[in-house]
**Q** 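Handing you this structure, nothing more for now.
These numbers come from a predicted model, not from an experiment. Letters A, B, ... are given to chains in the order of the sequence lines, protein chains preceding strands, and every chain is numbered from 1.
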Protein chains: 2
Amino acid sequence: MIRNLTEHDKEHLQEALVKSGQKVTPQREAVFTVLLAERDHPTVDEVFNRAREVMPGLSLATVYNCLETFVGCGLVRQVNHERESTRYCPNLAPHAHFRDKETGQVHDIELPPDVMKSLRSILPPGFDSEVIEISFLGRAQAKDSHSN
Amino acid sequence: MIRNLTEHDKEHLQEALVKSGQKVTPQREAVFTVLLAERDHPTVDEVFNRAREVMPGLSLATVYNCLETFVGCGLVRQVNHERESTRYCPNLAPHAHFRDKETGQVHDIELPPDVMKSLRSILPPGFDSEVIEISFLGRAQAKDSHSN
DNA sequence: CTTGCGGATTAGACTCATTCTAATTGAGTT
DNA sequence: AACTCAATTAGAATGAGTCTAATCCGCAAG
C-alpha cells in the first residue's frame with residue numbers, strides 16, 4: 001500500500017529540510033511517504049494511522065511535529081474547511097480546494113495565473129496579501145476519487 | 001455603546017426568522033443588535049460579552065444557538081481563518097475577507113461579479129459549487145479600524 | 001571508545017472552542 | 001388552569017490541537 005519514497009522525492013524532502021536547518025529523520029520520512037502515497041488530503045489522525053502501519057512506535061505528537069515542520073519549510077500546505085480537522089496537501093502548485101458536501105472529499109482545483117491576478121487586483125490600496133485561500137463547497141460528480 | 005435596533009433592522013430580523021419558522025426572542029434581538037452595532041467580525045465570546053452588558057442573564061449556549069439560527073436563515077455569515085475561533089459577519093453582500101497578520105483584524109473586501117464569475121469558471125465539469133470562500137492573509141495599512 | 005550536547009521523539013496532561021444533555025422557562029393554546 | 005413545544009440555561013462532555021517533561025539518538029570532542 002505504502003511504497004517507499006522515490007529517489008527524487010527523497011531528495012526533495014532532504015533538500016527542503018536541510019535548507020531550513022532541520023534534520024532528516026526516519027519519522028519524517030515515514031510521514032512524508034504517507035503524504036505522497038495517497039494524495040487525498042488526510043487529517044493528522046489519518047496520517048498517523050497510515051504511518052503506524054509502517055512504523056508502529058510512531059506517536060501522534062510526532063506526526064503533529066513533522067507536519068508542522070513540513071509546513072514551515074514549504075513542503076506541504078494546510079487545508080482548512082470551517083473548523084474541521086486540518087488536512088494536509090503535498091501539492092505545491094497554486095490551487096484552490098473543492099470540498100464535496102456529501103462525501104467530505106477534498107479535490108484540488110487548478111488556479112490559472114490570470115485568476116490569481118484578478119483576485120489580487122480587488123484588494124484596495126494599502127492591503128498587501130501573501131496568502132490567498134480559495135475554497136469551494138458543493139457537490140462533485142465522482143470521477144477520480146482522489147484529487148491529484 | 002450598543003444602540004437598539006432600528007425599525008428597519010428589526011423588521012429584517014423578524015422577517016428572516018419567521019420565514020424559516022423561528023421565533024423572535026429577546027435573546028435573539030440582543031445578539032443581533034450586538035452584531036449590527038460593531039461590524040468587526042466578533043467571535044462568539046466577544047458577542048457574548050457585549051450582549052451581556054445589555055442582558056446580563058444571557059448564557060453562552062444561547063449565543064451559540066442564536067448565531068447558528070442566524071446563519072441558518074441567512075442573516076449572518078460565519079468567517080473562519082485556519083482553526084481560529086469562528087467569527088460572525090452581518091454583511092450579506094458577496095465579499096472576501098482579509099485578515100491582518102499583525103492585528104488579527106478582519107476586513108471585508110468587495111467581490112465584483114466578474115471576479116466571482118471567473119472563479120466559478122475554473123471549476124472542471126462535474127463540479128457544482130454553492131459557496132465560495134476567499135480569504136487573504138497579509139498586512140493592511142490601518143485606515144478605518146472596522147471592516148464593512 | 002565513552003562522554004556530552006542538542007535536537008527529535010514520546011506519552012500523557014492540558015487547553016479551549018464547540019457541542020451535547022437534561023432540566024427549566026415562558027409564550028401562546030385549549 | 002393545565003398543556004405544549006420551542007427556546008433558554010448551566011454544566012458536562014468532546015475532540016483537535018498544544019504543551020511539558022522525560023527519554024532517545026546521532027554525532028562531535030576528548
Side-chain angles (χ1 to χ4, degrees), chain A residues 13-14 16-34 41-52 54-73 75-89 104 106, chain B residues 13-14 16-34 41-52 54-73 75-89 104 106:
Chain A
L13 172 64
Q14 173 159 352
L17 283 173
V18 170
K19 199 187 313 188
S20 49
Q22 304 283 338
K23 293 178 180 168
V24 180
T25 70
Q27 287 87 345
R28 285 174 179 169
E29 278 188 13
V31 169
F32 194 60
T33 304
V34 164
H41 305 85
T43 61
V44 174
D45 241 55
E46 286 163 349
V47 174
F48 178 51
N49 289 320
R50 292 177 198 172
R52 280 251 234 183
V54 146
M55 183 182 278
L58 185 69
S59 98
L60 180 59
T62 301
V63 176
Y64 274 100
N65 291 340
C66 290
L67 291 170
E68 192 190 350
T69 303
F70 293 165
V71 170
C73 58
L75 274 170
V76 308
R77 276 176 60 183
Q78 286 187 317
V79 183
N80 288 292
H81 268 100
E82 329 250 280
R83 279 192 42 98
E84 291 179 4
S85 316
T86 299
R87 295 173 175 277
Y88 291 84
C89 164
V106 177
Chain B
L13 171 64
Q14 172 158 353
L17 284 174
V18 169
K19 200 188 310 188
S20 49
Q22 304 285 337
K23 293 178 181 169
V24 179
T25 69
Q27 287 86 345
R28 285 172 181 172
E29 278 188 13
V31 170
F32 194 60
T33 305
V34 164
H41 306 84
T43 61
V44 174
D45 242 55
E46 286 164 349
V47 173
F48 179 50
N49 289 320
R50 292 176 197 174
R52 281 250 238 186
V54 145
M55 181 181 276
L58 185 69
S59 97
L60 179 59
T62 301
V63 176
Y64 273 100
N65 291 340
C66 290
L67 291 170
E68 192 191 350
T69 304
F70 293 165
V71 170
C73 58
L75 275 170
V76 307
R77 275 176 59 183
Q78 287 186 319
V79 183
N80 290 106
H81 267 99
E82 328 253 277
R83 280 191 41 98
E84 292 178 4
S85 315
T86 300
R87 296 174 175 277
Y88 291 84
C89 165
V106 177

**Q** State which residues pass side-chain hydrogen bond (donor to acceptor under 3.5 Å, both in side chains) with B:Thr86; sequence neighbours excluded, sorted by chain then number.
**A**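 B:Thr86: side-chain hydrogen bond (donor to acceptor under 3.5 Å, both in side chains) contacts with B:Asn80.
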
**Q** Closest approach of B:Cys73 and B:Ser20, non-hydrogen atoms and distance?
**A**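 Distance-wise, the nearest heavy atoms are CB-OG, 3.0 Å.
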
**Q** Send over the distance from A:Tyr64 OH to D:dG15 P, rounded to a whole Å.
**A**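 Computing the A:Tyr64:OH to D:dG15:P distance gives 13 Å.
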
**Q** Do you know which two heavy atoms are closest between B:Glu29 and B:Leu13, and how far apart they sit?
**A**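 Smallest heavy-atom distance, with atoms named: CG-CD2, 3.7 Å.
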
**Q** According to salt bridge (charged side-chain N to carboxylate O under 4.0 Å, His left out), does anything in residues 76-87 of chain B pair up with another residue at least two apart or in another chain? List the pairs.
**A**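 Counting only pairs at least two positions apart or across chains, the salt bridge (charged side-chain N to carboxylate O under 4.0 Å, His left out) contacts touching residues 76-87 of chain B are B:Glu46-B:Arg87, B:Arg77-B:Glu133, B:Glu84-B:Arg99.
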
**Q** Where do B:Leu58 and B:Phe48 come nearest, in terms of heavy atoms and distance?
**A**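 The answer is O-CE1, 3.3 Å.
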
**Q** Within this structure, what is the CZ-CD distance for the pair B:Arg28 and B:Gln14, rounded to the nearest 0.5 Å?
**A**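 Those atoms lie 12.5 Å apart.
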
**Q** Please list, by residue number, the residues of residues 77-87 of chain A whose heavy atoms come closer than 4.0 Å to an atom of DNA chain D; answer none if no residue qualifies.
**A**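 Residues of residues 77-87 of chain A that come under 4.0 Å of DNA chain D are, in numerical order, A:Ser85, A:Thr86.
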
**Q** Rounded to the nearest angstrom, tell me the gap between atom CG in B:Leu60 and atom C1' in D:dA13.
**A**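 So the CG-C1' distance, B:Leu60 to D:dA13, works out to 15 Å.
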
**Q** Is there a side-chain contact between B:Tyr88 and B:His41, using heavy atoms and a 4.5 Å cut-off?
**A**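 The answer is no, as the side chains (C-beta and beyond) never meet within the 4.5 Å cut-off.
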
**Q** How does protein contact run along nucleotides 2-9 of chain D, one letter per nucleotide 5' to 3', with B for base contact, S for sugar-phosphate only, - for none, heavy atoms under 4.0 Å?
**A** -----SBB

**Q** At a heavy-atom distance below 4.0 Å, which nucleotide of DNA chain C is the first touched by chain B, and which is the last?
**A**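 Result: C:dA17 to C:dT19.
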
**Q** A:Arg50 versus A:Pro42: any side-chain heavy-atom pair under 4.5 Å?
**A**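 Side-chain contact under 4.5 Å: yes.
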
**Q** Return a table of donor-acceptor pairs under 3.5 angstrom between the side chains of residues 62-70 of chain B and protein atoms on other chains or two or more places apart.
**A**
| from | atom 1 | to | atom 2 | distance (Å) |
| --- | --- | --- | --- | --- |
| B:Thr62 | OG1 | B:Ser59 | OG | 3.3 |
| B:Asn65 | ND2 | B:Ala61 | O | 3.4 |
| B:Thr69 | OG1 | B:Asn65 | O | 2.8 |

